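A short write-up of the structure that comes next.
The structure presented is a predicted model; accordingly, all values stated were derived computationally and were not measured. Indexing begins at 1, ligand by ligand and atom by atom, following the structure's order.
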Amino acid sequence: MKRGVFVTFEGGEGAGKSTQIRHLARWLAERGIETAVTREPGGTPLAEAVRGVLLGGAGTPDAVTQTLLFAAARRDNVLNVIRPALAAGHAVLCDRFADSTRAYQGGKLPDADIEATIRLATDGLAPDLTLLLDLPPEVGLARARRRGTADRFENDNLSFHEGVRGRFLALAKAEPARVAVLDGTLPEDELAVTITRIVEERLGVRVARGRES
Ligand code: TYD
């Protein structure tokens, strides 16, 4: 069955994901490829409401509650935004997806529980390509603080963020065909060009096919 391509962007805080998503969305649009952009937690009214709960400081949910809330938001986004867009042959760019749960909650819950919630949330849907914007956490956290967007998760300590980075890199090592690691400290334009090259190399055929449909 023909379907669009599903690309996720991952990385620590302040890695520049949203800027690069804008670049790639424009590049795809210029090639006539319809593109949906979404984010996690978020993407639907329900999931955005869950995002408000998670990032807005309502109570202090433990790691299991956090994982379940991220999963609930993800399922709503998958069912109502991501799957329908892919079924229509559109490209989908998602700012964070299941790998963020693996990297952020992974240190706190057993792997089997993490994978079980991801399976429930995604309904088995996995990205065709994941672009991991990697950078030292102190660089990303400084960027996030300058932006004034440091939230509950960004205020966790440096060693936690080093763990997040290590888990992202381990995922990339385990699944090199899906996850491409990029140097998030590169200048914005250079990174954007590198990303389009990777998308062409790895998804070129499928992107071209999506254009015909
Ligand atoms: P956001 O402001 O989107 O962060 P960023 O701009 O860095 O992408 O906030 C999302 C936060 O939620 C971020 O700290 C990562 C965290 N998160 C998880 O811990 N688990 C998840 O499954 C997801 C999707 C996000």
Side-chain angles (χ1 to χ4, degrees), residues 6-22 24 37-44 46-78 81-82 92-109 111 113-123 125-127 130-168 171 179 182 184-185 188 191:
F6 182 30
V7 180
T8 60
F9 285 70
E10 298 281 5
E13 313 302 316
K17 292 178 281 89
S18 39
T19 307
Q20 292 304 326
I21 287 176
R22 274 198 303 278
L24 183 57
V37 174
T38 185
R39 67 170 179 181
E40 295 214 339
T44 68
L46 186 150
E48 290 291 334
V50 173
R51 179 186 182 88
V53 169
L54 272 162
L55 305 183
T60 49
D62 77 342
V64 175
T65 304
Q66 284 175 20
T67 303
L68 295 171
L69 287 168
F70 282 118
R74 178 163 306 133
R75 183 164 173 86
D76 205 55
N77 198 20
V78 166
V81 174
I82 301 175
V92 176
L93 309 184
C94 193
D95 189 339
R96 298 194 181 281
F97 194 62
D99 294 323
S100 277
T101 297
R102 296 185 173 106
Y104 282 82
Q105 281 69 53
K108 300 172 179 169
L109 266 70
D111 285 353
D113 292 341
I114 295 281
E115 292 307 321
T117 52
I118 288 174
R119 214 163 34 247
L120 280 172
T122 61
D123 208 15
L125 177 70
T130 296
L131 297 158
L132 171 59
L133 305 194
D134 174 62
L135 82 178
E138 55 272 26
V139 177
L141 286 168
R143 282 189 193 168
R145 288 204 187 96
R146 265 199 307 279
R147 275 194 325 231
T149 56
D151 55 39
R152 158 186 314 198
F153 294 89
E154 286 157 5
N155 287 324
D156 285 324
N157 61 39
L158 192 60
S159 69
F160 170 75
H161 290 286
E162 274 158 2
V164 169
R165 183 189 194 190
R167 283 186 288 278
F168 272 134
L171 287 167
V179 186
L182 294 137
T185 65
E188 180 184 326
L191 206 46

To which of Arg74, Lys108, His161 does the heavy atom nearest atom 24 (C) of ligand 1 belong? Arg74
Residue portion contacting ligand 1 (non-hydrogen atoms closer than 4.0 Å) for Leu54: neither
Are the charged groups of Glu48 and Arg39 less than 4.0 angstrom apart, N to O? yes
Would you check if Arg74 and Phe97 make a side-chain contact, meaning some heavy-atom pair closer than 4.5 Å? yes
Residues Glu40 and Arg51 bridged, charged N to O under 4.0 Å: no
Out of Thr101, Leu69, Val164, Thr117, who gets a non-hydrogen atom closest to atom 22 (O) of ligand 1? Thr101
Step by step, would you call Phe6 with Ile82 a side-chain contact (heavy atoms from CB on, under 4.5 Å)? CA-CA 8 Å; Phe6 182 30; Ile82 301 175; 3.9 Å; yes
For atom 3 (O) of ligand 1, which candidate among Glu40, Arg51, Gln105, Arg96 holds the nearest heavy atom? Arg51
CA sep, side-chain torsions, deciding dist, call: Thr38, Asn77, side chain to side chain donor-acceptor pair (under 3.5 Å): CA-CA 8 Å; Thr38 185; Asn77 198 20; 3.2 Å; yes
Of Lys17, Arg143, Glu10, Arg147, the one whose closest heavy atom lies nearest atom 8 (O) of ligand 1 is Lys17
